Structure formats: C-alpha cells, structure tokens
There are 2 protein chains.
Amino acid sequence: MATGNRRERERAQREQMIVRAARELAEAEGWDAVTTRRLAAEIEYSQPVLYSHFSGKAAIMTAVAAEGFEELAVALRTARTAVSGVRASLAAVARAYTDFARERPALYDAMFTHAVELRFASPDAPDALQAGFAEFLEVVGPVAGDDAPGLLAETFWAGLHGLALLERSGRLPEQAHDERLTLLIARLAPPR
Amino acid sequence: MATGNRRERERAQREQMIVRAARELAEAEGWDAVTTRRLAAEIEYSQPVLYSHFSGKAAIMTAVAAEGFEELAVALRTARTAVSGVRASLAAVARAYTDFARERPALYDAMFTHAVELRFASPDAPDALQAGFAEFLEVVGPVAGDDAPGLLAETFWAGLHGLALLERSGRLPEQAHDERLTLLIARLAPPR
DNA sequence: CGCCCATCCTAGCAACGCTAGGAATCCTAC
DNA sequence: GTAGGATTCCTAGCGTTGCTAGGATGGGCG
C-alpha cells in the first residue's frame, strides 16, 4: 500500500482529464464530435481506459453536466450577491442564467437535454443542483405573495429555460432577448 | 407520360408511409429506435429507397416534425375556440399545449429538440408554425397591456415550453403541473 | 419484339459505442 | 536481486449505425 496513494491520485487526475477533454471537445465542436475514440486520443490512452473510469459515454456526459451545475450555482449566487434589492437580484439571476446557457451551449445541453440519469427535485439530487435552485428561491421569495415560493421558483426557472432553448436554436430571434427577459420578470415577479 | 400520374401518386404514398412509420416507431420506442434499417423493413422496401425520398434521417425527422406543427396548431385552435372569455382561452391554450407535449413526447422532441433545419420566426416558416404562434397571439393579445403582444406571446410560449421539457424529463415533479400552469397564467397574463 | 430507362436491391464503407483477451508493467515477497 | 502475481493497458474485433456505389430487374416505348 506504499504507492497506493499515488496511483489513486493519478487515476483521479486522469479521470479529470477525461471530463475536461469531453467538455472542451463538446464546447468546441458539439457533442456529436465527442466520440470515445477522440476522447481516448485526447488523453493519450486507448479507448478501454475510458471504461475503467466511466460506465460509458453517457456517464462521461453526466460528469460534465455535474461540473456545469456547480458552475451554474456559483454564477447564480455571484449574480445575486453582486447587487442589492429585490428587483435587481431577480434581474441579475435571470440574466446570469440565460447568459450561462448562451455562452456554454454544449454544457447546458449536457445538463438539461441529455444526462437524464441525474436525479432532480429530490433529496438525493446533487448539492450543486439544490444550491442553484436555492438561488431562485431566494430571489423569488420576496415577490411570491400568496403563492408557494417553490412553485414560483420552478415556474421562473422553466420560463428562463424555455427562453434559453428557443432562442439558442433560432426558434426565437435572439435580438429581442432583453425585452423578453424584462417582460418575464415584470410579469412573473411583479412589484408587490 | 401515360402512367406518370400513377407513379407520382404511388411515390407520394410511399413517402407518407415512411413518415408514418418513423413517427409510430418514435412514439412507441423513442427516436433512438428509429433506424434506417427498421424503417425500411417497416415499409417493406430496402434502405436506399428512403434516400430517394429524403436526404437522410434528419430530413425524415423534419417531415415528422412538420406533421407535428400541423397538429399542434389544430389542437391549440380547437382549445381556444372551444371556450369563451379571455382567461378561459388562455388556460385552454396553455393546457392544450402542455398536454400535447406530454402525450406525444417523441413528436414534440422532433419539433423542438431536433430538426433545427426548420425555419422559425421568419416569413418562410411553415404555415402551421405561424398558425400555432397566431393562436398564442390571439389569446395573449387582450392581456398584453402596454407590452408588445408578440413579445408576450413568445414569452408565454417559452414558459410553457420550459415547463413541458422540465416536467417530462423528471426535472420538475409532474404532480404539481396544474399549479405551475395556473401560476404561470395568473402572473404572465394577469387580469387587466 | 427488342431496346432502354427508371426503379430497386445487394453489398459494402467508414464510424460509432463497447468488450474480450493477451501483453506489458509494476509491486510484493522471498 | 529475482521470481511470482496482480494490475494496468492495448490490440483487435463485434455488432450496429447512417449512407452509398453498382449491378440486376422489370415495365414502357418505338
């Protein structure tokens, strides 16, 4: 067991390389370009080593998605705490969310379009996921009024998610994004 | 040219068979199960005939999506005209939309997740697509107030789209769907 | 009747995710 | 220091995918 730690460390390092390679490739050329062969070449190992770390390609995408949830939670939290006031926080979180989706489309896809294995809306969901949702709860709470904050947060989130997806795929012209965001906030979370 | 009409007719018929087979297979087993080989077997022709009708699998999915937009437009219109009153129409259209997405997940995926080739939000978009959007415009108009009806319709649509996707993938517990829908309507389109 | 053109199928290509089985390497124990 | 054993890793290959080339087949026309 003398060298046990080193090997474990090296293994963890290599696993991180796989995830990073997958993410970079996906962000550069889309998930279709992320093949197990290219991944293997990228980390300078043969294909089968991937399977000693992950059960398959889907698991690798899930790992990338998990990273994404961490970063999303941070981004939302940063946005919220950077400003003060109920309406400013709302706007900041909303903008941070849609910015995140637009700037990292492949990552966002891994998180929300693929990777269905990740548990959501349950106690055993990843911490980062709950942390992200908590940010929504935080900014939405003050304007919830008689409605359940949880429900409002979910609906707010869904609205942003829909906007992000439809705009990114060209189904809604991106140029009016700001106006839609403003409208969504003004109506979903009106001043009380 | 004596038999020209018959052959054209038969060709069109076979094309329809392909689209129907693709759709049924997708709805029964998901799009992953829709392979060109299975499609060919289903219509009792060999693989290459598919490519004499469509440029590839993506084009077949787009054709299925086009059917979906037709049906969605009809469903929305039916829902809207079945009731009277501003708020009732809003609720009816919203419910019809999310019902459509939940009951035909594969079709909905073809329309919104795949098939990016279809032009949206432009004059040369399919008629059915514009017709569907027109239904949103119709029910949203009376509550637009000072906001542009087009923007509100888009945002409303995005909200429903987000709800549909997040609920269907288990990211939001489906059981609270009604409450979210009510909340979305009450806030996005409040009584004026 | 015989040619000819369109239609359709067989066969195959490259690439995919994934896996079996043997080679090579490193650690351990004597 | 060296033999043995276990672990790590690679080569090779399987089955399937979307898609295509090229030859057979059969109906329509002169």
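Protein chains get the first letters and strands the later ones, always in sequence-line order, with residue 1 at the start of each. What you are looking at is a predicted structure, and each value in this text was computed from that prediction instead of being measured. The figures that follow rest on heavy atoms only: side chains count, while hydrogens, waters and symmetry mates do not.
Taking only side-chain nitrogens and oxygens, Thr36(B) comes nearer than 4.0 Å to OP1 or OP2 of dG18(D). The shortest distance between the side-chain N/O atoms of Arg14(B) and the OP1/OP2 oxygens of dC8(C) is below 4.0 Å.
Taking atom CG of residue Leu39(B) and atom C1' of nucleotide dC9(C), one finds them 17 Å apart after rounding to whole Å. In this structure, CD of Glu44(A) is placed 15 Å from C1' of dC9(D), rounded to the nearest angstrom. Summarising the geometry, the separation between NE2 on His53(A) and C1' on dT7(D) is reported as 13 Å, rounded to the nearest angstrom. Between the CZ atom of Arg38(A) and the C1' atom of dC16(C) there is a distance of 14 Å, rounded to whole Å. Residue Tyr45(B) contributes atom OH, which lies 14 Å from atom C1' of dA6(C) at whole-angstrom precision. Between the NE2 atom of His114(A) and the C1' atom of dG17(C) there is a distance of 16 Å, rounded to whole Å. Asp32(A) places its CG atom 12 Å from the C1' atom of dG18(D), with the value rounded to the nearest Å. One interatomic measurement links the two molecules: CD of Glu29(A) to P of dA15(C), which rounds to 15 Å at whole-angstrom precision.
Sorted by residue number, the members of residues 56-64 of chain B with any non-hydrogen atom under 4.0 Å from DNA chain D read Gly56(B), Lys57(B).
Across all strands, Arg11(A) comes closer than 4.0 Å to no nucleic acid atom at all (heavy-atom distances). Residue contacts for Ser46(B): at a heavy-atom cut-off of 4.0 Å it reaches a base atom on one of the strands shown.
The line from CG of Leu90(A) to CD1 of Ile185(A) is 6.0 Å long, rounded to the nearest 0.5 Å. Atom CD1 of Ile18(B) sits about 12.0 Å away from atom CD of Glu42(B), to the nearest 0.5 Å.
Checking Gln47(A) against Ser52(A), the closest nucleotide of DNA chain D that is more toward the 5' end is the one next to Ser52(A). Judged by closest nucleotide on DNA chain C, Ala33(A) is the one of Pro48(A) and Ala33(A) placed further toward the 5' end.
Taking the six-membered ring where tryptophan is involved, the planes of Phe112(B) and Trp157(B) are perpendicular, since the angle between them exceeds 60° and thus also 30°.
Checked against Glu167(A) for a side-chain hydrogen bond (donor to acceptor under 3.5 Å, both in side chains), the options Gln175(A), Arg180(A), Arg102(A) give a single hit: Arg180(A).
Each of dG18(D), dC9(D), dG17(C) was ranked by its minimum atom distance to the side chain of Arg37(A); first place goes to dG17(C). Considering only side-chain atoms of Tyr51(A), the nucleotide from dC9(C), dT19(C), dT17(D) that sits closest is dT19(C).
Between Arg38(B) and Glu29(B) there is a salt bridge, with a side-chain nitrogen of the basic residue lying less than 4.0 Å from a carboxylate oxygen of the acidic one.
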Report task. Starting from the C-alpha separation in whole Å, work towards a yes-or-no answer on side-chain contact (heavy atoms from CB on, under 4.5 Å) for Val143(A) and Leu152(A). Result -> CA-CA 9 Å; Val143(A) 297; Leu152(A) 183 55; 4.1 Å; yes
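Counted within 6.0 Å of CZ on Arg77(B), heavy atoms from surrounding residues, nucleotides or ligands total 12 or fewer; the atom is thus considered open.
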